[in-house]
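Every chain is numbered from 1 and lettered A, B, ... according to where its sequence line falls, protein lines coming before strand lines.
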Number of protein chains: 2
Amino acid sequence: MARTQGSRSEITGPLIREKSRKLFARHGYAAVSMRQIASAVGVQAGALYAYTADKQALLFQLLESHMQTLLAAWQDDATADPLTRLERFVRFHIDFSLDHSDAVFLSYMELRNLTPENYRAIAALRGRYEALLEGILRDGIEAGLMRIADRKLASMALIAMLTGVTTWYQEGGRLDRRRIGDIYWSLTRGAVGAD
Amino acid sequence: MARTQGSRSEITGPLIREKSRKLFARHGYAAVSMRQIASAVGVQAGALYAYTADKQALLFQLLESHMQTLLAAWQDDATADPLTRLERFVRFHIDFSLDHSDAVFLSYMELRNLTPENYRAIAALRGRYEALLEGILRDGIEAGLMRIADRKLASMALIAMLTGVTTWYQEGGRLDRRRIGDIYWSLTRGAVGAD
DNA sequence: GTCTATAGGCCGATAGAC
DNA sequence: GTCTATCGGCCTATAGAC
């Protein structure tokens, strides 16, 4: 990966994020050295510090941009039928999680390696996402379409269930994504008492 | 924690496991040094190697004994009503996960730091546990008490949902364990189509 | 923006004394 | 079983040249 000296910030910046995301997800934040990241990018370790203050800032940037991307990607239609909105959320969450499985894994697993203020920032973004699902459940209950004992707990439980798909899904496995979405939607519909 | 020289294998062994479990869960396997573990135990780093071949063996021992404890703790009654068995499983899994949250977190997060053969051993134990739930679902379906599109997927989805309780539960929080069990059982009963 | 070189420090694991 | 001391190595981050 070694290459000649030169300036290519428009390439190196995204590449640092891509390679560190993959390496952190595979081996863990603490286990990956700046030298390994630099090697994967094709620069020397010192060059990384032109893009990031330190290793911690690199991790935070990965998690923060992941959560922002997630929040931006979800487009709800609050005027639609709550069950239709919930089904869309289920399929969206599964697809997004599988499309960004490294970042999803990081966002769950490396929270403890964030400084306290960085942790609070990510937790707040996560709370916003959970609140989006909770809003759908609230509307569904009010419309008499769902029966749920505790909205907040149900939101977290459903998100944990849906995100879990990343732990076993394999491209080209027994089930394709459409079928997986069908099955999880069936489980979700039952869980919220919509049958 | 420093103490005088002496032989106390019956104390040091369990203490090493207890302290390393806690440190690994809090900071991650790779981030914790043998010196830190030794310091928490109250010995010098070299002394640890009288109990474990290396750091990897220590991690494996923690995960393996956790899975064995889990499998030994679950007592099913295959002659009972499948819905009763499922409810017992839900409450058991939540309680066990909360009682062993450090080990649960480790078992999910440090799998990638196991050598390939150690990984296979843990994955096999995990598969045995999932199969126990799958058996309950199978019996429930055959008895016409449950409606599930895919037993294997439903087992993994339910376990992910239930284990998720460890990410937000706080002792003395809004809900006590009994109430949490009620809510998750309600979600589970709906998810398996038992309403 | 990237390089080389390096500072200052911690790492896992082992040897040998007690 | 535990200690002290240490080997050889890798770590993050910075300095200064180009």
Side-chain angles (χ1 to χ4, degrees), chain A residues 1-63 106 110 112-115 118, chain B residues 1-63 106 110 112-115 118:
Chain A
M1 294 289 281
R3 58 174 177 73
T4 55
Q5 189 167 333
S7 169
R8 5 166 89 202
S9 69
E10 74 291 349
I11 293 176
T12 303
L15 209 49
I16 288 172
R17 289 185 283 279
E18 179 190 324
K19 297 298 188 182
S20 58
R21 184 186 303 116
K22 189 170 178 172
L23 287 167
F24 287 163
R26 187 106 66 203
H27 307 288
Y29 171 76
V32 175
S33 71
M34 295 298 267
R35 279 174 178 80
Q36 283 174 272
I37 296 169
S39 167
V41 170
V43 297
Q44 293 300 314
L48 299 178
Y49 292 88
Y51 296 88
T52 185
D54 52 25
K55 200 179 164 188
Q56 165 74 202
L58 185 50
L59 175 62
F60 177 67
Q61 186 182 30
L62 289 176
L63 299 195
L106 276 187
E110 301 294 359
R112 63 181 176 192
N113 281 311
L114 293 173
T115 62
N118 282 349
Chain B
M1 298 287 280
R3 60 174 176 72
T4 55
Q5 189 166 332
S7 170
R8 2 165 90 205
S9 69
E10 75 290 351
I11 293 177
T12 303
L15 209 50
I16 289 171
R17 289 186 282 280
E18 178 190 323
K19 297 298 187 182
S20 59
R21 182 187 304 116
K22 188 171 179 171
L23 286 167
F24 287 163
R26 186 108 65 206
H27 307 288
Y29 171 76
V32 175
S33 70
M34 295 298 268
R35 281 172 177 79
Q36 284 175 271
I37 296 169
S39 167
V41 170
V43 296
Q44 293 300 314
L48 299 177
Y49 292 88
Y51 296 88
T52 185
D54 51 26
K55 200 180 165 188
Q56 164 74 205
L58 185 51
L59 175 64
F60 177 67
Q61 186 183 29
L62 289 176
L63 298 194
L106 276 186
E110 300 295 359
R112 63 183 175 191
N113 281 311
L114 293 172
T115 61
N118 283 348

- side-chain hydrogen bond (donor to acceptor under 3.5 Å, both in side chains) with Asn118(B): which residues, sequence neighbours excluded?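 If we apply the side-chain hydrogen bond (donor to acceptor under 3.5 Å, both in side chains) test to Asn118(B), skipping adjacent residues, the hits are Gln56(B), Thr115(B).
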- Message: Can you confirm whether Leu62(A) sits close enough to Arg17(A) that some side-chain heavy atom of one is under 4.5 Å from a side-chain heavy atom of the other?
- Response: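 When only atoms from C-beta onward are counted, Arg17(A) and Leu62(A) do touch, with a gap below 4.5 Å.
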- Message: Strictly below 4.0 Å: does Gln44(B) bring a side-chain N or O up to OP1 or OP2 of dT4(D)?
- Response: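 Yes, such a contact exists.
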- Would you say a side-chain N or O of Thr12(A) is under 4.0 Å from OP1 or OP2 of dG1(C)?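 False: Thr12(A) side-chain N/O out of range (4.0 Å or more) of dG1(C) OP1/OP2.
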Euclidean distance, atom [atom1] of residue [X] to atom [atom2] of [N] [Å, nearest integer]:
X	N	atom1	atom2	answer
Glu10(B)	dG1(D)	CD	P	10 Å
Leu48(B)	dT2(D)	CG	P	9 Å
Leu15(A)	dG1(C)	CG	P	15 Å

- Mind checking side-chain contact (heavy atoms from CB on, under 4.5 Å) for Ala38(B) and listing every partner two or more places apart, or none if nothing turns up?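 side-chain contact (heavy atoms from CB on, under 4.5 Å) check on Ala38(B) returns Val43(B), Ala45(B), Leu48(B).
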- In chain order, what residues pass the side-chain contact (heavy atoms from CB on, under 4.5 Å) check against Ala30(B), with sequence neighbours excluded?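 Scan of Ala30(B) (side-chain contact (heavy atoms from CB on, under 4.5 Å), adjacent residues dropped) gives Ala30(A), Ala31(A).
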- Task: Scan for ring-ring contact (aromatic ring centres under 6.0 Å, His included) pairs involving residues 10-34 of chain B, sequence neighbours excluded, and state none if there are none.
- Result: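 Matches after skipping sequence neighbours: Phe24(B)-Tyr29(B).
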- Task: Measure from the side-chain heavy atoms of Tyr51(A) and tell me the nearest of dG1(C), dT2(D), dC3(C).
- Result: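 Of all the options, the side chain of Tyr51(A) is nearest to dG1(C).
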- Item | B/S/- contact track for nucleotides 5-13 of chain C, protein heavy atom under 4.0 Å | ------BBB
- Message: Restricting to salt bridge (Lys or Arg N to Asp or Glu O under 4.0 Å), what partner residues turn up for Arg26(A), sequence neighbours left out?
- Response: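 In terms of salt bridge (Lys or Arg N to Asp or Glu O under 4.0 Å), with neighbours along the sequence ignored, Arg26(A) is linked to no residue.
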